[in-house]
Each structure stands twice: as C-alpha cells, then as structure tokens.
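Throughout, numbering of the chain's residues begins at 1 and tracks the sequence. Heavy-atom basis, side chains included; hydrogens, waters and symmetry copies ignored. Remember, predicted model here, so these are calculated numbers, not experimental data.
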Amino acid sequence: MSKFIAFSAHRQTQLLTRTNSPHRCLLRSGRSLVLCGALALMAQPAQSETGLLLGVGAGYGADAIQVGGLWTQPWTSVNSRLSYGLTGEVAAWRYDEDDMVQLSLVPLLQYDFMPNANWRPFVFAGVGPAWISRTQLGDRDLSSEFQFSSRLGVGLRNSRHSLAVEARHLSNGGIKEPNEGLSYWNLTYGYHF
C-alpha cells in the first residue's frame with residue numbers, strides 16, 4: 001500500500017512539473033476546486049421540507065376535519081428564521097344535516113423563534129384561494145363557490161412533529177353578497193418528512 005501511495009505522489013509531482021507555467025497548474029487546481037465545490041453543493045440535503053397535515057376545526061356550530069400537505073422553504077436571503085411555503089388541503093364540513101367539501105391552496109409565511117432548539121415555537125399566516133361544494137352551510141350563506149381561506153396561528157414543533165392552534169376564516173372577500181363567511185378555531189397536527 002505504501003508503495004502505491006509513494007508512486008501516486010511521485011506521479012502527481014511529475015504531472016505538475018510537466019506543465020509549461022505555474023498559471024496552468026493554478027488554473028487546473030482552480031477548476032478542480034470549482035468542480036469539488038459544485039459536487040459538494042449538489043450533495044447538500046435540500047433545505048425545503050414537506051409534511052402531512054391533519055386538522056380539526058369548529059365555529060358557528062359547524063365542524064371540520066382537514067387532511068393536507070405542506071411544503072416550506074427557508075427564506076435565507078431575508079432572514080434565517082423566516083420560511084415561505086404552500087399548503088393544500090381538503091376539508092369535510094358538517095353542520096346539522098348539511099355537508100360541505102372545501103379545497104384550499106394557501107401560501108404561508110412562518111417565523112421560527114428558536115430555530116436551533118429541540119422544540120421550536122413558531123407563528124404563521126397565510127391567505128389563498130378555496131373552493132366549496134355548496135354555498136349554504138346551516139344558516140351561513142357563503143354566496144359563491146369561490147372563497148378565500150385565511151389563517152393565523154401559533155405552534156410548537158421538532159424535527160418530525162408539529163402542533164398548531166389557528167384562527168381561520170373562510171369568506172368570498174365581498175365578491176358576492178351576502179358574505180357571511182365562517183370564522184373558526186383549528187387544531188392541526190403535522191408530520192414532517
């Protein structure tokens with residue numbers, strides 16, 4: 001083994017001394033460093049994160065169960081504690097004998113207070129489009145199938161699990177009257193991959 005190492009070192013010295021100038025040697029070393037740096041960057045794990053969300057909510061006598069997905073990405077150019085993301089979910093609503101399905105796609109901003117702690121408190125907010133299967137849910141007249149889903153929440157998370165309490169609102173934003181909307185509290189569990 002030591003003979004191979006000695007041969008290899010001798011061979012590299014011969015190759016370096018055969019170059020016509022030190023600039024070529026530096027250029028080749030620079031290319032090697034750039035190549036190694038590029039390979040190291042590609043080998044870094046992606047900083048984006050995905051997760052599965054399960055939630056329950058209640059307000060105005062109506063109950064909801066949600067299942068969804070979450071994608072987040074640290075916004076390092078702005079602040080190392082700030083993330084942006086997107087959540088998509090399906091919700092099943094029930095009010096007495098009325099049932100309604102809601103589909104939502106909500107962009108989010110999230111701020112982690114202690115990003116290096118085992119359990120990290122965070123706050124988040126988001127507003128995005130939603131579609132509902134019916135415009136009447138119990139005594140609430142939502143007027144249009146197109147709605148906006150907005151949320152503001154606080155939570156606690158570790159590397160795999162999160163739990164958040166949210167204030168949510170579902171409304172058509174005044175596009176059509178009446179615009180009674182639904183405001184409700186939500187509890188969401190997340191499993192992060």
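In terms of modelled atom types and a separation under 3.5 Å, the side chain of Asp112 and the main chain of Met114 share no donor-acceptor contact. A distance-only check finds no donor-acceptor pair linking the side chain of Asn172 to the backbone of Asn179 [under 3.5 Å]. Under a 3.5 Å cut-off, the side chain of Gln66 and the backbone N or O of Leu54 do not form any donor-acceptor pair. Without hydrogens or angle criteria, Asn158 side chain to Arg160 main chain gives a donor-acceptor distance under 3.5 Å.
Annotation: the span from Ser162 atom OG to Gln110 atom CD amounts to 8.0 Å, rounded to 0.5 Å. From Met100, atom CE reaches atom CG of Leu142 across 6.0 Å, with rounding to the nearest 0.5 Å. For the atom pair CD of Gln136 and OH of Tyr95, the computed distance is 10.0 Å after rounding to the nearest 0.5 Å.
Between Tyr191 and Tyr189, the distance separating the two ring centers is not shorter than 6.0 angstrom. Residues Trp93 and Tyr184 bring their aromatic ring centres within 6.0 Å.
Screening Thr188, Leu187, Val154 against Leu163 for a side-chain contact (heavy atoms from CB on, under 4.5 Å) leaves a single residue, Leu187.
A salt bridge is absent between Glu145 and Lys176; no separation between the charged side-chain nitrogens and carboxylate oxygens falls under 4.0 Å.
Atom CD1 of Ile175 has more than 12 neighbouring heavy atoms from other residues, nucleotides or ligands inside a 6.0 Å radius. Atom CH2 of Trp185 sits in a sparse spot, with 12 or fewer heavy atoms from other residues, nucleotides or ligands closer than 6.0 Å.
Side chains of Gln102 and Ser104: a donor-acceptor N/O pair is present below 3.5 angstrom, by distance only. Neither side chain, Ser150 nor His169, offers a donor N or O lying under 3.5 Å from an acceptor on the other.
Closest approach of Arg81 and Phe113 over heavy atoms only: NH1-O, 2.8 Å.
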